[in-house]
Colleague: 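First the structure, which I've put down as structure tokens, then a few questions once you've had a look.
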Amino acid sequence: MNDSHCECHVTVNDQDHILSVSQTDTLLDLLRNHLGLNSPRYGCGAEQCGACTVLVNGEPAFACTTLVCSLDAHRIETVESLGGDHPLQQAIIEYNAGQCGFCLSGIIMQSVALLRRNRDPTRDDITRALAGHLCRCGAHNRIIRAIQAAAASIRTAGAQTSV
Amino acid sequence: MSDLPGALQNNPILSTWIRFEDARSLHNQLTRDQVQDPKVIVRTGKVELGQGISTAIAMIAAEELDVDISQIVVQTGRTDLGPNEFITAGSMSIEGSGAAVRAAAAEVRGLLLARAAARFERDVDTLKVSKGVITSTVGNEAISYWELLAGKQLDVAAVGGFAPRPPAAHRLVGRSATRLDLPAKITGRPAFIQDLRPENLYHARIVRPPVLTSRLAHLDRKEIESLPGVHRVVIDGTFIGIVAATETAAISAKRRADLTVIWTEPEQQPDADMTDQARVSLLVENGLPTDDPIPDLLYADVGTRVQTTYTKPFHLHGSIGPSAALAHLADGRLTIHSHTQGPSILAAALAQALALDPKTITVIHSENAGCYGHNGADDAAMDAATLAMHCPGLPIMLKWDRSDEHRWEPFSPAARLDLDATVHDGRVVCWNADIYSYSHSGRPGPMGSWSNFIAAWHRNEPIPRPPARPGRGYHSGIHRNADPYYEFAAKRITKNLLTNQAVRTSSTRSLGAFANVFAIESFMDELAHECGVTPLDFRLRHLSDPRAIAVIQAASDALNAWQPKIAARQPAGKALAFARYKNAKTYVAIGVALTVDEQTFDVCLDHAVIAADAGQIIDRDGLSNQLEGGMVQAASWTLKEAVRFDENGIPGGDWAAYPILTFPEIPTTEIILIDHPEEPCVGAGEASHGPTPAAISNAIFDAIGVRIRDIPFLPEQLRDTAIR
């Protein structure tokens with residue numbers, strides 16, 4: 001071990017990893033190239049588009065600029081953790097809420113965080129939460145509708161099972 | 001046979017389009033839940049660009065073959081398999097590929113039914129098909145398409161004569177389908193080109209000068225090659241590529257090279273007004289450029305003459321995913337995964353540029369983020385192929401970074417439109433339009449002694465760039481939608497191709513239609529006010545096509561019916577614009593309701609209505625998705641976007657330098673689709689772009705009485721124009 005490296009322990013989608021990485025390695029590189037995850041995407045490398053957004057200890061973070069060495073004992077969540085039938089994923093399919101879909105991973109994780117703190121977001125709540133996410137295809141309104149539908153579905157499920 | 005659609009005539013073998021396969025043979029390409037049942041493989045030369053083409057193609061094939069949509073697997077854009085359909089552009093996919101798949105599927109069904117009838121010794125009319133199983137309605141016989149073919153394919157040429165299902169009998173087409181490609185994209189399954197991870201993958205980056213006219217003066221290759229993880233630095237003229245064992249190593253080495261490289265000074269570009277630049281001028285008549293002499297400006301002795309100028313700047317395609325390609329030279333074959341719009345054209349262009357036998361090149365389409373036209377995809381493929389040629393045996397994933405994409409994608413050309421019309425008695429008496437712009441046509445292709453790849457221009461033995469030449473097709477390039485759809489007594493329209501190529505330009509969604517319809521529809525609004533007529537009436541009195549009138553009326557009614565939930569405290573305006581794409585395709589009228597902040601002059605789009613008639617509707621939801629997406633994208637171009645160059649002519653390299661519309665700025669939208677099942681289905685992916693800027697400009701005028709004629713409509717322009 002030298003000064004240019006660090007050792008850290010991170011949890012990614014409930015799996016523990018003990019890592020020895022370079023001080024300059026980014027979370028995006030770890031997720032895509034070392035753990036083989038597909039959902040976090042490179043769009044700009046400069047916190048300007050949101051395509052790489054994942055959750056770090058439950059909070060949305062830009063994986064492209066987050067350094068792995070700053071994440072010791074942190075918990076990372078990506079789209080892969082949602083399993084495929086999360087209400088947000090179901091609603092995106094139902095509303096065809098996307099065109100090329102490249103921006104959706106980041107938007108989904110931002111929305112997961114939003115719905116955890118706000119179970120009934122208004123259109124303004126959603127657009128404010130997604131202000132840092134670029135969509136070039138113009139699927140914004142569909143994405144907003146899908147998030148509202150997912151929120152309603154989570155509220156209904158919550159009323160039944162009080163999750 | 002002449003009644004076959006063009007794409008089927010060009011690729012007549014039925015099994016090129018439609019194949020019957022066992023799911024087990026496809027397990028690499030299918031998701032777990034798909035690996036059930038035998039499958040129908042439908043191949044098209046058109047490619048999925050995020051526009052949903054694979055879903056629409058699956059609907060058409062399932063409809064004609066009487067199989068479930070879940071039994072269809074659509075494979076798009078492989079030069080080694082499947083039909084060659086040249087390029088996916090111009091909103092032609094549904095028309096071209098859709099018609100071919102429909103005819104091929106109808107013939108395949110007909111041939112298989114005839115075989116079953118012979119085997120059962122029954123009349124064809126007594127057979128029916130469900131989920132690909134043919135059963136007799138008069139006996140107990142049953143056999144599936146797959147059993148009937150027993151592992152073989154229909155390797156016979158289409159001859160036609162099998163009528164596709166009439167629209168009234170459609171059970172899928174015309175409804176809304178769930179997108180087939182979305183699940184993988186939102187669950188982390190491999191979906192995009194960046195997700196390809198062959199074994200022993202190498203990563204590459206390109207180091208490029210800031211602008212086209214700079215050349216490499218010096219780079220210490222040995223220093224870069226000595227950095228950790230760097231496998232090879234390829235330098236050929238001004239082409240510089242770094243191949244590394246890991247992506248981080250490639251990125252670090254590129255950073256170091258960007259810091260230490262020395263480029264020659266860029267050539268200073270003349271900053272001439274667009275009307276003073278070298279050009280080729282052609283008269284446009286009925287949507288076609290001609291060599292007829294250009295007459296003098298038309299004018300009338302009576303009436304009021306109005307002259308204005310509209311402009312648009314250079315725009316980016318602005319894909320959210322920078323361009324990438326995976327190239328591998330092995331066993332004498334070069335295989336390239338690319339998000340190109342034209343796999344077969346790319347393969348031919350690469351063969352020419354790399355002096356390879358075309359038979360040794362395979363291009364396989366793999367999706368990236370939406371491209372919206374000719375972006376960096378093809379150049380990235382050439383970059384990767386060039387590096388693969390220097391590193392035989394290594395699979396190389398080449399990725400552009402954000403600044404590569406912002407600076408090196410071909411831009412949508414700037415344009416200037418001088419309009420001059422005379423109105424009398426509430427009608428246009430004569431109409432002049434002089435359009436100045438750069439080429440919309442910079443795509444690669446095999447072109448003899450020229451090439452359209454950056455890497456071919458940059459190397460030691462370059463293949464030069466072709467000179468700019470005016471497109472002469474119907475509504476192609478600069479003159480797309482230059483000819484107003486209105487019935488005017490006299491029109492004089494010229495296209496003026498500026499031949500200076502200092503800024504590289506190429507096709508961007510809707511080509512010239514965006515600027516032309518912006519100018520025409522803004523001018524129509526201005527002329528209506530000049531005549532003291534409502535813009536709605538003014539448009540309608542110059543139209544006789546009932547389908548045009550219907551979309552305009554529908555948009556107008558919906559816009560009038562819309563009311564904000566909270567009464568606007570700022571000046572509010574509503575307005576319309578209309579176009580029929582290429583004067584022959586989808587009709588679109590767009591209405592916009594907006595407010596203008598009295599202090600900041602920020603424009604807030606509150607609501608938009610889109611009324612459209614695209615003939616027969618195939619995928620209702622896909623159609624509305626395309627129309628709304630086009631409107632939002634065009635609104636972004638209109639309100640925010642311009643490529644901004646510094647004093648050395650260097651464009652900005654990130655989203656901060658090129659802001660686009662964001663979630664809080666998106667209007668709520670209502671979409672009205674008018675279905676004409678008896679009419680041909682036409683593409684709509686570019687049809688809503690043209691009317692959008694004019695609807696916004698006209699609504700700003702309605703709100704604050706100020707005419708905005710220069711895109712983008714930034715608050716500074718509104719304030720300055722308002723003060724004047």
Side-chain angles (χ1 to χ4, degrees), chain A residues 22 24-26 29 32-33 36-46 48-51 78-86 88-89 92-105 107-108 123-124 126-144, chain B residues 49-52 176-179 181-192 194-195 197 203 246-248 251-252 317-322 367-372 399 401-402 621-622 625-626 628-636 654-656 660-669:
Chain A
S22 161
T24 55
D25 279 3
T26 63
D29 181 63
R32 287 197 62 88
N33 291 330
L37 300 179
N38 294 313
S39 76
R41 308 199 198 281
Y42 170 87
C44 69
Q48 293 174 350
C49 77
T78 73
V79 158
E80 282 82 353
S81 70
L82 303 179
D85 46 14
H86 186 278
L88 272 165
Q89 291 169 311
I92 286 170
I93 300 289
E94 184 185 343
Y95 287 79
N96 284 332
Q99 283 184 26
C100 80
F102 197 87
C103 65
L104 289 175
S105 294
I107 286 172
I108 289 171
R123 180 181 170 96
D124 282 352
I126 293 169
T127 60
R128 268 197 299 271
L130 297 181
H133 290 261
L134 300 182
C135 161
R136 187 59 164 162
C137 297
H140 306 72
N141 279 317
R142 288 165 176 268
I143 293 168
I144 295 164
Chain B
L49 304 172
Q51 83 281 44
S176 293
T178 298
R179 278 275 293 274
D181 55 324
L182 267 184
K185 291 173 173 176
I186 61 163
T187 52
R189 291 205 297 265
F192 293 101
Q194 297 87 350
D195 303 336
R197 294 186 175 92
H203 292 267
T246 66
E247 186 163 25
T248 356
I251 292 169
S252 303
H317 298 80
S319 180
I320 299 297
E367 265 188 88
N368 196 352
C371 63
Y372 325 108
K399 292 180 191 165
D401 65 16
R402 174 48 54 197
D621 195 65
N625 203 346
Q626 283 298 305
E628 179 172 354
M631 180 277 292
V632 169
Q633 189 170 65
S636 182
D654 63 16
W655 290 115
I660 64 173
L661 214 60
T662 60
F663 270 91
E665 300 165 298
I666 302 298
T668 56
T669 304

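By convention in this document, chain letters (A, B, ...) are assigned in the order of the sequence lines, proteins followed by strands, and residues within each chain are numbered from 1. Hydrogens, waters and symmetry mates are skipped; everything else that's a heavy atom, side chains included, is used.
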Colleague: Do the side chains of B:Ile320 and A:Cys135 get nearer than 4.5 Å, heavy atoms only?
Modeller: no

Colleague: Taking the side chain as C-beta and beyond, is there a heavy-atom pair between A:Gln99 and B:Gln626 under 4.5 Å?
Modeller: yes

Colleague: Is A:Leu37 close to chain B through its backbone or its side chain, or both, or neither, when contacts mean heavy atoms under 4.5 Å?
Modeller: backbone

Colleague: Could you look at B:Glu665 and say if it's the side chain, the backbone, both or neither that has a heavy atom under 4.5 Å from chain A?
Modeller: neither

Colleague: Which residue in the set A:Asn141, A:Ile126, A:Ile143 passes side chain to side chain contact (heavy atoms under 4.5 Å, CB included) when paired with B:Phe663?
Modeller: A:Ile143

Colleague: Is B:Thr668 in contact with chain A via its backbone, its side chain, both, or neither, using a 4.5 Å heavy-atom distance?
Modeller: both

Colleague: Name the region of B:Arg197, side chain, backbone, both or neither, that has any atom closer than 4.5 Å to a heavy atom of chain A.
Modeller: side chain

Colleague: Hey, does A:Ile92 have a side-chain heavy atom less than 4.5 Å from the side chain of B:Arg179?
Modeller: no

Colleague: Tell me, for A:Ala131 versus chain B, whether the close heavy atoms (under 4.5 Å) come from the side chain, the backbone, both or neither.
Modeller: both

Colleague: Compare all side-chain heavy atoms of B:Asp621 with those of A:Arg142 and state whether any distance is below 4.5 angstrom.
Modeller: yes

Colleague: Against chain B, label A:Asp29 side chain, backbone, both or neither, depending on which of its atoms sit under 4.5 Å from a heavy atom there.
Modeller: side chain

Colleague: When you compare the side chain of A:Tyr42 with that of B:Gln194, does any pair of heavy atoms fall below 4.5 Å?
Modeller: no

Colleague: If you round to the nearest 0.5 Å, how far is CG of A:Asp25 from CD1 of B:Ile251?
Modeller: 9.5 Å

